[in-house]
Amino acid sequence: TAITDQSILALGTQGLTTSTALLITSNQNVSVTYGAAASNAPVNLDANGVHCMSGTSITALAISNSSGVTALITYFIAGS
C-alpha cells in the first residue's frame, strides 16, 4: 500500500520561519521541489543519495515518490 499526502511541520512548530540549512536523504529514488512557486522544477534525489544546502532561504519543499515502494526519508533542518 502507498502512503500519500504526508506532511512534516518542521518550521513553525519549532519557532523557525525560514530554513537556512538542510540535509535530505532517501532509500528510494524521489524528487524534491524546493520552494512553493509553481515554476520550481523538481530535483532528482537518487536512492541513498544526499541533498545538502546551506546559506539558503527555503520556506517550503515537497517530496514526490514514484518508485512504487515506500521511501524512508531522513532530514535535518536548521534555520532562524
Side-chain angles (χ1 to χ4, degrees):
T1 61
I3 299 172
T4 60
D5 298 327
Q6 298 294 300
S7 297
I8 300 171
L9 300 175
L11 294 178
T13 59
Q14 302 300 317
L16 304 177
T17 58
T18 302
S19 172
T20 56
L22 63 94
L23 179 138
I24 301 173
T25 187
S26 172
N27 67 339
Q28 301 295 325
N29 292 339
V30 298
S31 60
V32 183
T33 303
Y34 295 97
S39 61
N40 291 355
V43 179
N44 291 334
L45 173 57
D46 294 334
N48 302 314
V50 174
H51 284 188
C52 183
M53 296 184 185
S54 65
T56 186
S57 179
I58 294 175
T59 57
L61 65 88
I63 299 171
S64 177
N65 175 12
S66 59
S67 70
V69 179
T70 300
L72 175 63
I73 307 293
T74 304
Y75 68 94
F76 170 82
I77 298 175
S80 58

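Computed from a prediction, not measured in an experiment: that's the story for all the values here.
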(request) Provide the closest heavy-atom pair for V32 versus I63 in the form atom of the first, atom of the second, distance. (result) CG2-CG1, 4.3 Å
(message) My understanding is that only residues two or more places apart in sequence, or in another chain, count here; which of them pass side-chain contact (heavy atoms from CB on, under 4.5 Å) with S57?
(response) T18
(message) Applying a strict under-4.5 Å side-chain criterion to I, L, V, M, F, W and Y, I'd like to know whether L23 and I73 cluster together.
(response) no
(message) Taking the side chain as everything from C-beta on, heavy atoms only, tell me whether I24 gets closer than 4.5 Å to V30.
(response) no
(request) For N27, enumerate each residue passing the side-chain contact (heavy atoms from CB on, under 4.5 Å) test, keeping only those at least two apart in sequence or located in another chain. (result) N48, A71, L72
(message) Let me check something: do L45 and V69 share a hydrophobic cluster, defined by ILVMFWY side-chain heavy atoms less than 4.5 Å apart, either directly or through other members?
(response) no
(request) Determine the minimum heavy-atom distance between T56 and A21, stating which atoms define it. (result) CG2-N, 4.3 Å
Listing, residues 35-44 side-chain donor-acceptor contacts under 3.5 Å, not counting sequence neighbours, or none:
from, atom 1, to, atom 2, distance (Å)
N40, ND2, Y34, O, 2.7

(request) Treat each ILVMFWY residue as a node, draw an edge where side-chain heavy atoms are under 4.5 Å apart, and state whether V50 and F76 are in one component. (result) yes
(message) Restricting to non-hydrogen atoms, name the atom on Q28 and the atom on T70 that form the minimum distance, rounded to 0.1 Å.
(response) CG-O, 3.8 Å
